[in-house]
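All figures in this text were calculated on a predicted structure; none of them were measured in a lab.
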Amino acid sequence: MRKIPIAILLSCLALAAVADTLKVATYGGSAAVDLACWSPESPWVGNPNVCNRLDRVVFHFDLSRYLLAGRVSSASITVPMTTYGLFDQHTFELEAFERGHAPVIPMDILAGGTAPVGTVTANPGDQPVLRFDVTEVINRALETGDGVATFRVRDLTIEKLGNRKGHEEGGAVERSLITLEVAR
């Protein structure tokens, strides 16, 4: 029997533990981040029909490279934001669609079938980061064979209080900064 040097074994284990960094899918609806009001610098989280009510955005990640394995050891999502407006605080919630789907369609802004992942509260002018462990969400998507995980960010403050002043109110998300860290 041939012996394998310990250094080779350790380097193989280290490679297996390396995390992949996924960006928002560039096909099948990733432009959903831009469904709301936006500027070239920063697509808005928001209602696609009312430019001064910035409350929701939908995006998804392609998980097809993990379908064969069927599970990941860990996954965490990072959604950097910038907040705007007149209210003292905004509470943003990250939700995961219970069934991943692509392409993302405009109706996903309003659709049900989501589960909360977590919330972050921030003041206007802050740059909060929604960062949550989504291992369970990703493994559920892989176990069902979806091959995609779809998320939505909501501004719970605007949904509750409305935008009575008709002013830019809510948060901005830059699609290129959204990441999903996945360890196999």
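- The only option from T21, D20, I77 that meets the side-chain contact (heavy atoms from CB on, under 4.5 Å) definition with L180 turns out to be I77.
- Of all non-hydrogen atoms in G112 and F97, the two that sit nearest each other are O-CE2, 4.0 Å.
- The side chain to side chain donor-acceptor pair (under 3.5 Å) check on T135 picks up D133, with sequence neighbours excluded.
- In this structure, D155 contributes its side chain and T157 its backbone to a donor-acceptor pair below 3.5 Å.
- Looking at heavy atoms from C-beta onward, V120 lies in side-chain contact with F132 at the 4.5 angstrom threshold.
- Taking 4.5 Å as the limit, some side-chain heavy atom of V153 sits within range of a side-chain heavy atom of L130.
- Residues T78 and R131 share a closest heavy-atom pair of OG1-NE, 3.5 Å.
- Between F61 and F59, the ring planes lie perpendicular to each other; the angle is over 60°, past the 30° to 60° tilted range.
- In this structure, S73 contributes its side chain and A183 its backbone to a donor-acceptor pair below 3.5 Å.
- In terms of heavy atoms, K23 sits closest to T179 at NZ-CG2, 3.5 Å.
- When atom types are taken as modelled, the side chain of D62 and the backbone of V148 share no donor-acceptor pair closer than 3.5 angstrom.
- Within a 6.0 Å sphere centred on CZ of R140, heavy atoms belonging to other residues, nucleotides or ligands number more than 12.
- Nearest heavy atoms, L142 versus G70: CB-O, 3.4 Å.
- With sequence neighbours excluded, no residue forms a side chain to side chain donor-acceptor pair (under 3.5 Å) with E136.
- Nearest heavy atom pair, residue L177 against residue P80, reads O-CD, 3.5 Å.
- Here the closest non-hydrogen pair linking E98 and A115 is OE2-CB, 4.0 Å.
- Between the T83 side chain and the D126 main chain, a donor and an acceptor come within less than 3.5 Å of each other.
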(message) Between T91 and T121, does the side chain to side chain donor-acceptor pair (under 3.5 Å) criterion hold? Intermediate values first, please.
(response) CA-CA 4 Å; T91 300; T121 300; 3.1 Å; yes

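- Between V58 and the choices R152, E95, R154, the side-chain contact (heavy atoms from CB on, under 4.5 Å) rule is met once, by R152.
- Cluster membership for L67 and L22, using ILVMFWY side-chain heavy atoms within less than 4.5 angstrom, is shared.
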